[in-house]
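Report on one structure; see the data block that follows.
Naming: A, B, ... by sequence-line order, numbering from 1 per chain.
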There are 2 protein chains.
Amino acid sequence: MALTDTNSWTGIREELLRRIHDRVWEPGAQIPHEADLAEEFGCARTTVNRALRDLAESGLVIRKRRAGTRVALNPPQRATLTIPIIREEVEALGKTYRHSLLERDYQPVPPMLHGVFYASLGDDVLYLKTLHFADDRPYAFEERYINLDTVPEARQRKFEVSSANEWLVHNAPYSRGDLSFSALNANEETARILDCTPGTALFAMERITWTGDAPITNVKLIFAPGYRMRSHI
Amino acid sequence: MALTDTNSWTGIREELLRRIHDRVWEPGAQIPHEADLAEEFGCARTTVNRALRDLAESGLVIRKRRAGTRVALNPPQRATLTIPIIREEVEALGKTYRHSLLERDYQPVPPMLHGVFYASLGDDVLYLKTLHFADDRPYAFEERYINLDTVPEARQRKFEVSSANEWLVHNAPYSRGDLSFSALNANEETARILDCTPGTALFAMERITWTGDAPITNVKLIFAPGYRMRSHI
């Protein structure tokens, strides 16, 4: 307790977090009333309330009107997920990276993105097909749409030196993104591009990133056979 | 600035975070020297240092000995990842959940877990095969090893009423977990169990959870065709 900064709700939150992590308060256990905690910490009840609200928003405690506050049984853990620069991912494997731009053209917003790229419905979007290599073997096949309303500078880029993936990470910072992961059987085109047999199970990731309410890009990455995505909680 | 609690490093961190998120300091930009920030906040330089160290550990700023501190270009975003109770996941889809225990026996530690379940090398581990259903259709096929050194109570459980997944979430809280995601082609057994054609691309997740240094369980989940895992950053 000596180190708790009870002047701030963040200080109180740190101490509450410590008690949850150290299992002073076990999963599912009721925690003391706000008023009792305020007394213990020698702070205002509103300060304890602010800290508890924050923990509730993160899913670490469950607050019920009459039943008080409990430690969550199955708190969401947070995993670090970044939008990788594929060049860096390949180089981290000790392999040599290069990419090849297979297609670059302007297209109307494709039907699957109606309602997403709404801002540019009248406009064209930039469509790119890129193949990423690791040591001259296909690593991932990328299909991407870029919203030119949000990133008009993309018109001037050829994406031959820097891939769109790398250029966007540096030049079009996102505030949020929706990701989905799935498995698919290689079709004829994908099999040819990724140098595998049609039907091979491939790991795919789809991602839309936004800056505020404006969509930046929609990308589908299909990885070569054997790809494994790792994470920690 | 009025709301910054400059008495604590967490207060300082909140304000630095705000400036990064609001792009007062843009990605890649150099941020003021520690001494200048300490002066601005009217706090000790060590307090600023503690806050910056925390931001550097989260990958939000990059500190270089001579070059000072910069805002990261591609900061890792954190996604919420939980160990789902499959029953709840299925029910959230508006479907009826049930599970069926296909196998339950004691086995020596399998070779792939040597070096992980080291604590129980002499011992047997509990091996379970479970099929999860959504509206009477196969949803996910689960193969699981439970470390009986860590969770001896599992010996007494049949896992017929509550699945091992649900029982462990409630009774064997984990402190960390390693996850991997991949795609695989259904083999004969998996195809039969998940009621699909051999060769179908399936999404698979492997997970090991730990409490401190003690492994709790290793699980491999293979989802029925069409499964999509979603996440947000």
Side-chain angles (χ1 to χ4, degrees), chain A residues 4-11 13-14 21 23 26-28 58-59 73-85 88 166 169-171 173-186 199-207 209 222-223 225-233, chain B residues 4-11 13-14 21 23 26-28 58-59 73-85 88 166 169-171 173-186 199-207 209 222-223 225-233:
Chain A
T4 306
D5 170 17
T6 55
N7 289 316
S8 70
W9 70 269
T10 52
R13 182 186 55 187
E14 292 250 321
H21 284 147
R23 301 174 63 91
E26 307 233 340
S58 329
L73 272 174
N74 185 25
Q77 304 262 348
R78 297 187 143 254
T80 300
L81 218 69
T82 182
I83 295 195
I85 295 175
E88 293 179 351
E166 183 155 3
V169 165
H170 289 310
N171 294 280
Y174 62 98
S175 51
R176 64 188 175 88
D178 302 318
L179 288 86
S180 84
F181 305 91
S182 57
L184 53 82
N185 289 104
T200 305
L202 303 174
F203 185 86
M205 189 229 288
E206 285 169 75
R207 188 170 66 209
T209 47
I222 304 176
F223 291 88
Y227 181 84
R228 196 167 271 272
M229 181 177 83
R230 292 171 199 280
S231 187
H232 304 279
I233 55 177
Chain B
T4 307
D5 170 16
T6 54
N7 289 315
S8 69
W9 70 268
T10 52
R13 183 187 54 187
E14 292 251 322
H21 285 147
R23 302 174 64 92
E26 306 234 340
S58 328
L73 272 175
N74 185 24
Q77 305 262 346
R78 296 186 144 258
T80 301
L81 218 68
T82 182
I83 294 196
I85 295 176
E88 294 179 351
E166 184 155 2
V169 165
H170 289 311
N171 294 279
Y174 62 97
S175 51
R176 64 187 175 89
D178 302 318
L179 289 87
S180 83
F181 306 91
S182 57
L184 53 81
N185 289 103
T200 305
L202 302 173
F203 186 86
M205 189 228 290
E206 286 169 76
R207 187 170 66 209
T209 46
I222 304 176
F223 292 88
Y227 181 84
R228 195 168 270 271
M229 180 177 83
R230 291 171 199 280
S231 186
H232 304 279
I233 53 177

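With a 4.5 Å cut-off on non-hydrogen atoms, B/E206 touches chain A through its side chain but not through its backbone. Neither the backbone nor the side chain of A/E26 comes within contact range of chain B; no heavy atoms are under 4.5 Å apart.
Taking B/D178 as the reference, A/H232, B/R176, B/W210 meet the side-chain contact (heavy atoms from CB on, under 4.5 Å) condition, with sequence neighbours excluded. Looking at residues two or more places apart in sequence or on another chain, you find a side-chain contact (heavy atoms from CB on, under 4.5 Å) between A/E166 and A/I85, A/R87, A/S162, A/S163, A/H170.
In this structure, OG on B/S231 lies 10.0 Å from CE on A/M205, to the nearest 0.5 angstrom.
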Exercise. Begin from the C-alpha positions of B/S180 and A/R230 and carry the test side-chain hydrogen bond (donor to acceptor under 3.5 Å, both in side chains) through to its verdict.
Key: CA-CA 4 Å; B/S180 83; A/R230 292 171 199 280; 4.8 Å; no
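Of the possible donor and acceptor atoms, none in the side chain of A/N185 sits under 3.5 Å from a partner among the backbone N and O of B/T200.
A heavy-atom distance below 4.5 Å is found between the side chains of B/M229 and A/M229. For the pair A/F203/B/F181, a side-chain contact is recorded, criterion being any heavy-atom separation below 4.5 Å from C-beta on.
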